[in-house]
Chemist: 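A single structure is presented below for examination.
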Amino acid sequence: MLDSNKDSLKLEAMKRIVAMIARGKNASDLFPAVVKNVACKNIEVKKLVYVYLVRYAEEQQDLALLSISTFQRGLKDPNQLIRASALRVLSSIRVTIIVPIMMLAIKEAASDMSPYVRKTAAHAIPKLYSLDPEQKDQLIEVIEKLLADKTTLVAGSVVMAFEEVCPERIDLIHKNYRKLCNLLIDVEEWGQVVIINMLTRYARTQFLNPNINESLLEEGGGGEKTFYGSDEDEDEDEEEKEKKVEVAALAKRKPYVMDPDHRLLLRNTKPLLQSRNAAVVMAVAQLYFHLAPKAEVGVIAKALVRLLRSHSEVQFVVLQNVATMTIKRRGMFEPYLKSFYIRSTDPTQIKVLKLEVLTNLANETNISTILREFQTYIKSMDKDFVAATIQAIGRCATNISEVRDTCLNGLVQLLSNRDELVVAESVVVIKKLLQMQPEKHSDIIKHMAKLTDNIQVPMARASILWLIGEYCEHVPKIAPDVLRKMAKSFTNEEDIVKLQIINLSAKLYLTNSKQTKLLTQYVLNLAKYDQNYDIRDRARFIRQLIVPTEKSGALSKYAKKLFLALKPAPVLESPFKDRDHFQLGSLSHLLNAKAGGYQELPDWPEAAPDPSVRNVEVKESVRAVGTVPEWTKCSSREKRKEKKVEKPFYSDSEGESGPTESADSESDSASGSESGSGSEESGSGSESEESEEGSESEEEEEDEEEKDKKKKKKKELKKPVQEIEPAPSPQVTPVNTFLSNSLVTDLEGLSLSDTVLSPATIAPSSALKSYELLHRITGEGLQVEYCFSRQPFSPDANMVAVQMQFTNNATSDTKNLHMEDVKLQSGMRVKEFPEIELLPAGETSTAVMGIDFCDSTQAANFQLCTHTKKFFVSIQPPVGELMRPIFLTENEFKKEQGQ
């Protein structure tokens with residue numbers, strides 16, 4: 001079939017081969033027959049051939065090399081999928097001889113018109129780097145070029161290439177940082193994970209620790225009173241005065257203000273906590289844990305708890321991270337305590353991790369609930385889980401002194417359990433608890449001594465013997481008898497038990513030599529000939545210490561201090577303690593050991609590095625006279641910086657639209673295609689955007705405005721501009737100050753009066769968009785555009801003001817412009833614009849009408865009539881135009897949001 005002349009047979013053959021590969025069958029024998037078809041004219045066959053070649057090119061390198069010229073031709077194919085596939089196959093041939101060809105192909109693909117091909121170029125970079133690391137410098141140039149790409153398709157892949165090839169080159173990220181933050185929400189899920197992990201490390205090198213002085217936390221320069229500003233009492237002695245001097249010194253320290261770029265990262269990643277992909281949610285959670293102020297980390301708890309409903313692999317990773325988080329941020333997960341209760345269907349490793357989390361969350365208020373839960377778990381059939389529960393009870397007892405006795409009594413009751421493993425684990429935990437207050441619990445030690453007859457688990461036997469030896473004064477009658485029994489069975493015991501028998505005999509010899517001297521000598525003689533050299537060594541060492549001879553050294557007189565010294569009680573700690581220095585979610589964090597290829601999480605810098613490195617340079621700064629940026633009057637400098645720098649990333653010619661514009665971007669570009677559309681001129685055109693950039697620092701702003709005015713005079717002939725005229729009253733005033741008809745869609749001339757909007761809250765006029773009501777061809781020379789002026793409509797406050805602009809492009813005059821036959825949905829009302837009696841040829845006129853859309857986005861339909869013609873038109877409002885703007889401070893907004 002592959003050798004056939006018919007494309008249909010070739011296609012069928014390729015489908016069967018790809019199906020074989022998908023089922024895991026080896027189709028490498030067909031390589032020569034398949035590779036011949038790489039030059040096939042049929043696109044579908046070609047695609048499947050490339051799928052096959054990507055799979056087998058690495059195995060059959062010699063045969064693949066014979067077809068290399070065909071792959072190179074494929075790089076020039078008009079179809080983007082073929083170009084990408086050719087590059088993929090080329091990068092799969094792991095032969096150093098073709099490195100220069102691969103390098104050239106990657107460089108060309110990095111400049112390809114198709115984002116899909118550029119993405120494939122990014123994927124090829126790590127492959128080439130692993131084949132020939134000496135190409136690193138050239139590859140970094142390609143990475144730098146691709147990092148500047150503004151398409152979401154490329155972003156994740158190029159950051160992955162950056163992480164593989166040159167993760168230390170953090171300087172490449174500076175200029176692209178804000179763009180990556182803004183694109184993040186639209187990148188594919190695996191790209192999001194890679195970008196978030198990289199930005200976590202980037203932020204740790206570029207921003208200050210937000211928790212460095214929590215009491216001084218003053219977000220965005222907010223005016224809350226700081227902790228150190230509290231009033232001191234009048235009467236103070238010398239010490240208090242000294243403290244006051246220290247406090248004053250602390251108060252002089254500059255309070256922490258979060259860098260706007262740090263805030264941008266936190267703000268743009270937060271919505272991803274709602275992602276359907278568990279890996280994305282985990283990535284955002286680790287970012288917040290490592291970067292966010294303590295007050296804000298809580299938002300991740302709900303998202304992580306939601307992931308516990310996923311399958312067990314996801315649960316395992318989530319619980320690993322939650323267990324680490326609960327050590328430092330316990331309060332965050334306390335409201336979700338019940339989510340960590342164990343189900344009988346959970347696998348053992350999930351049960352153990354949930355136990356870990358419950359133990360970390362235990363405190364005085366919830367301990368009774370948790371212990372009741374633990375009592376149920378002890379009855380489980382899963383022995384490993386029961387053992388872990390007993391250890392968890394022990395940890396709760398050591399951490400919370402109020403329940404120590406309760407836990408100890410519960411564990412002692414477990415000593416009568418039928419299951420040997422349960423008893424053994426209880427013994428080990430009781431031993432650790434008894435070390436805290438041995439004198440109170442001699443009864444328990446006696447009870448445990450009796451268990452030596454029954455318990456066979458070596459660790460438990462060793463623990464009991466250690467306890468009896470350590471506290472032999474509390475059980476003087478029982479201890480020698482235990483030693484007698486143990487000496488009988490010495491030769492049959494495990495090594496760990498034998499060592500403790502030797503220790504017990506030594507301690508009893510020192511405290512009660514009268515009864516135990518002979519027993520001790522017997523045990524030491526048995527140990528002297530034991531098979532294990534550790535036991536032989538221990539016996540030889542102890543004999544010299546406790547049985548002094550002429551040869552024994554100076555240590556023997558300190559034997560009692562050596563053996564019966566007070567030992568500190570063991571601290572029962574979580575195995576997840578100190579794991580947070582690894583980046584959460586990484587393999588190194590999971591293993592608690594540095595894995596190959598792991599990038600260390602950097603420490604926070606002492607002083608903040610220069611934030612200006614992230615400013616994007618603007619080649620030319622042109623600001624129209626009518627567009628002096630009112631937002632410079634805004635009180636918060638940080639917000640102004642953010643606004644300036646976020647905008648340009650969405651202005652590229654490929655039509656990427658920003659989050660604020662994405663909903664309307666298509667309709668805008670469609671409606672504004674004629675005569676320089678309003679959206680281009682006022683929102684996404686490169687010139688106005690460069691003017692939005694303004695100067696790079698606030699101090700230069702006044703000078704810039706002066707320069708702009710001079711530049712404006714030079715530019716006026718090239719680009720006519722309207723001016724803002726302040727109106728005396730809040731009503732809408734039609735604008736007649738048009739310098740040219742070519743800018744009919746430019747709405748920057750709309751009047752903004754100071755009585756409507758205060759200077760601090762005035763919105764940039766460039767935010768207004770114009771819509772086409774009647775095209776000049778349809779209207780036989782009459783062109784009508786309208787915009788929502790966002791001003792009160794004085795005749796009726798419930799109506800939306802719609803400003804209409806009529807342009808007569810015909811050679812004859814137009815008369816009697818008016819509205820007729822208004823068709824509205826129920827509840828809607830219209831206030832017609834006054835009739836325009838005469839509109840001379842080539843002239844423009846404006847009028848204002850009011851429409852009450854009755855809180856709906858239904859269109860208002862009517863006829864626009866002249867003295868000779870009638871045109872059916874309709875006005876449909878974007879939902880945003882039906883809103884009244886309300887200006888809130890950030891704190892007021894958060895308060896409203898909280899309700």
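Worth knowing before you read on, the calculation uses all heavy atoms, side chains too, and leaves out hydrogens, waters and symmetry mates.
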Chemist: Which heavy atom in E896 sits nearest to a heavy atom in L888, and how many Å separate them?
Modeler: CG-CD1, 4.5 Å
Chemist: Roughly how far apart are N209 CG and D603 CG, rounded to 0.5 Å?
Modeler: 10.0 Å
Chemist: Look at the side chain of E296 and the backbone N and O of P293, then say whether any donor-acceptor pair between them is shorter than 3.5 Å.
Modeler: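 Pair absent, no side-chain N/O of E296 close to backbone of P293.
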Chemist: Hey, are the side chains of P210 and L291 touching, using non-hydrogen atoms and a 4.5 Å cut-off?
Modeler: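 P210 vs L291: side chains apart.
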Chemist: Determine, stepwise, if the pair L184 / T269 fulfils side-chain contact (heavy atoms from CB on, under 4.5 Å).
Modeler: CA-CA 7 Å; L184 194 56; T269 48; 3.4 Å; yes
Chemist: To the nearest 0.5 Å, tell me how far L183 CG sits from L153 CG.
Modeler: 11.5 Å
Chemist: Quick one: list whatever passes side-chain contact (heavy atoms from CB on, under 4.5 Å) with P605, sequence neighbours left out.
Modeler: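 With neighbours one apart ignored, the set is P609.
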Chemist: With a 4.5 Å heavy-atom cut-off, do V299 and L273 have their side chains touching?
Modeler: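 With C-beta onward as the side chain, the pair touches.
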Chemist: If you round to the nearest 0.5 Å, how far is CG of N182 from CG of L264?
Modeler: 5.5 Å
Chemist: Does the side chain to side chain donor-acceptor pair (under 3.5 Å) test come out yes or no for Q286 and T200, once each step is laid out?
Modeler: CA-CA 8 Å; Q286 64 85 23; T200 305; 3.2 Å; yes
Chemist: Give a yes or no answer on whether the side chain of N176 reaches the backbone of L172 with a donor-acceptor pair at less than 3.5 Å.
Modeler: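 Flag set: sc N176 to bb L172 pair under 3.5 Å.
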Chemist: For N360 and T326, does a side-chain donor sit closer than 3.5 Å to a side-chain acceptor?
Modeler: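 The answer is yes; a qualifying pair exists.
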Chemist: Are L128 and L139 side-chain neighbours, meaning at least one heavy-atom pair lies under 4.5 Å?
Modeler: yes
Chemist: Kindly indicate whether the side chain of Q206, heavy atoms from C-beta on, has any atom under 4.5 Å from the side chain of I173.
Modeler: no
Chemist: Quick one: closest heavy-atom pair of A292 and N211, and the distance?
Modeler: O-ND2, 3.5 Å
Chemist: Testing the basics here: between G156 and V194, what is the closest heavy-atom pair and its distance to 0.1 Å?
Modeler: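 Closest heavy-atom pair between G156 and V194: O-CG1, 4.3 Å.
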Chemist: Are the side chains of I125 and F162 in contact, using a 4.5 Å heavy-atom criterion?
Modeler: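 Not in contact.
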Chemist: Could you list all the salt bridge (charged side-chain N to carboxylate O under 4.0 Å, His left out) pairs where at least one residue sits in residues 269-278, not counting sequence neighbours?
Modeler: none
Chemist: For T151 and D149, which I'm curious about, is there any donor-acceptor pair between the side chains at under 3.5 Å?
Modeler: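 Short answer, yes.
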Chemist: Apply salt bridge (Lys or Arg N to Asp or Glu O under 4.0 Å) to D171 and list each qualifying residue two or more places apart in sequence or on a separate chain.
Modeler: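 In terms of salt bridge (Lys or Arg N to Asp or Glu O under 4.0 Å), with neighbours along the sequence ignored, D171 is linked to R169.
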Chemist: Hey, what do you get for CZ (F316) to CG (N321), rounding to the nearest 0.5 Å?
Modeler: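 Going from the CZ atom of F316 to the CG atom of N321 covers 10.5 Å.
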Chemist: Quick one, I170 and T205 - any side-chain contact, counting heavy atoms below 4.5 Å?
Modeler: yes
Chemist: Between H290 and R204, is there a donor-acceptor pair closer than 3.5 Å when you use the side chain of the first and the backbone of the second?
Modeler: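 Looks like no, no N/O pair under 3.5 Å.
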Chemist: Using side chain to side chain contact (heavy atoms under 4.5 Å, CB included) as the criterion, point out the one residue from L584, I300, L266 that pairs with L287.
Modeler: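 Exactly one candidate clears the test, L266.
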Chemist: Quick one: CD1 on I106 to NZ on K127, what's the gap to the nearest 0.5 Å?
Modeler: 9.5 Å
Chemist: Heavy atoms, side chains only, cut-off 4.5 Å: are L353 and V357 in contact?
Modeler: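 Answer no - side chains too far apart.
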Chemist: Do Q135 and Q138 have a side chain donor and acceptor closer than 3.5 Å?
Modeler: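 Side chains of Q135 and Q138: pair found under 3.5 Å.
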Chemist: Measure across Y177 and D261 and return the closest heavy-atom pair with its distance rounded to 0.1 Å.
Modeler: OH-O, 2.6 Å
Chemist: List the atom of L304, the atom of V318, and the distance in Å for their closest heavy-atom pair.
Modeler: O-CG1, 3.7 Å
Chemist: Using the side-chain contact (heavy atoms from CB on, under 4.5 Å) rule, take Q192 and N277 through it: C-alpha gap first, then chi angles, then the decisive distance, then the call.
Modeler: CA-CA 10 Å; Q192 287 173 342; N277 188 315; over 6 Å; no
Chemist: Within the 3.5 Å criterion, strictly below it, is a donor on N363 or E334 matched to an acceptor on the partner's side chain?
Modeler: yes
Chemist: May I ask you to decide if Q320's main-chain N or O and T324's side chain share a donor-acceptor pair within less than 3.5 Å?
Modeler: yes
Chemist: Tell me, please, which residues at least two apart from R306 pass salt bridge (Lys or Arg N to Asp or Glu O under 4.0 Å).
Modeler: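 Applying salt bridge (Lys or Arg N to Asp or Glu O under 4.0 Å) to R306 gives none.
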Chemist: Test your reading of the model: is there a side-chain donor-acceptor pair from R790 to the backbone of L768, 3.5 Å cut-off?
Modeler: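 Side chain of R790 to backbone of L768: no pair is present.
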Chemist: Could you tell me which non-hydrogen atom of S339 sits nearest to which non-hydrogen atom of L308, and how far apart they are?
Modeler: O-CD1, 4.0 Å
Chemist: Do M160 and W190 make a side-chain contact, defined as non-hydrogen atoms from C-beta onward lying under 4.5 Å apart?
Modeler: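 The answer is no; the side chains never approach within 4.5 Å.
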Chemist: State whether R118 and D112 are salt-bridged, where the test is any N-O pair (Lys NZ or Arg NE/NH1/NH2 against Asp/Glu carboxylate O) under 4.0 Å.
Modeler: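 Result for this pair is no, no salt bridge flagged.
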Chemist: Under a 4.0 Å threshold between the charged nitrogen and the carboxylate oxygen, would K894 count as salt-bridged to E890?
Modeler: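 Judged by the 4.0 Å cut-off on N to carboxylate O distance, E890 and K894 do form a salt bridge.
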Chemist: Rounded to the nearest 0.5 Å, how far does CD1 of I195 lie from OH of Y202?
Modeler: 14.0 Å
Chemist: CG of D610: more than 12 outside heavy atoms within 6.0 angstrom?
Modeler: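 Yes.
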Chemist: Determine yes or no for a side-chain-to-main-chain donor-acceptor pair under 3.5 angstrom, with D186 supplying the side chain and T152 the backbone.
Modeler: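 Judged by distance alone, no pair lies under 3.5 Å.
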Chemist: Give the intermediate values and the outcome of side-chain contact (heavy atoms from CB on, under 4.5 Å) for residues K175 and R614.
Modeler: CA-CA 5 Å; K175 296 286 182 213; R614 288 182 292 281; over 6 Å; no
Chemist: Is any NZ, NE, NH1 or NH2 atom of the basic residue among E600 and K594 found under 4.0 Å from an Asp or Glu carboxylate oxygen of the other?
Modeler: yes
Chemist: Could you work out, with side-chain contact (heavy atoms from CB on, under 4.5 Å) as the rule, every residue matching L587, not counting sequence neighbours?
Modeler: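 Partners of L587 by the side-chain contact (heavy atoms from CB on, under 4.5 Å) criterion, ordered by chain and then number, come out as L590, L591, A595.
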Chemist: Take the angle between the ring planes of F207 and H262 and call it parallel below 30°, perpendicular above 60°, tilted in between.
Modeler: parallel
Chemist: Which pairs pass side-chain hydrogen bond (donor to acceptor under 3.5 Å, both in side chains) with one or both residues in residues 156-168, sequence neighbours excluded?
Modeler: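 Sorted result for residues 156-168: K119-S157, H123-S157, K136-E168, E163-R201.
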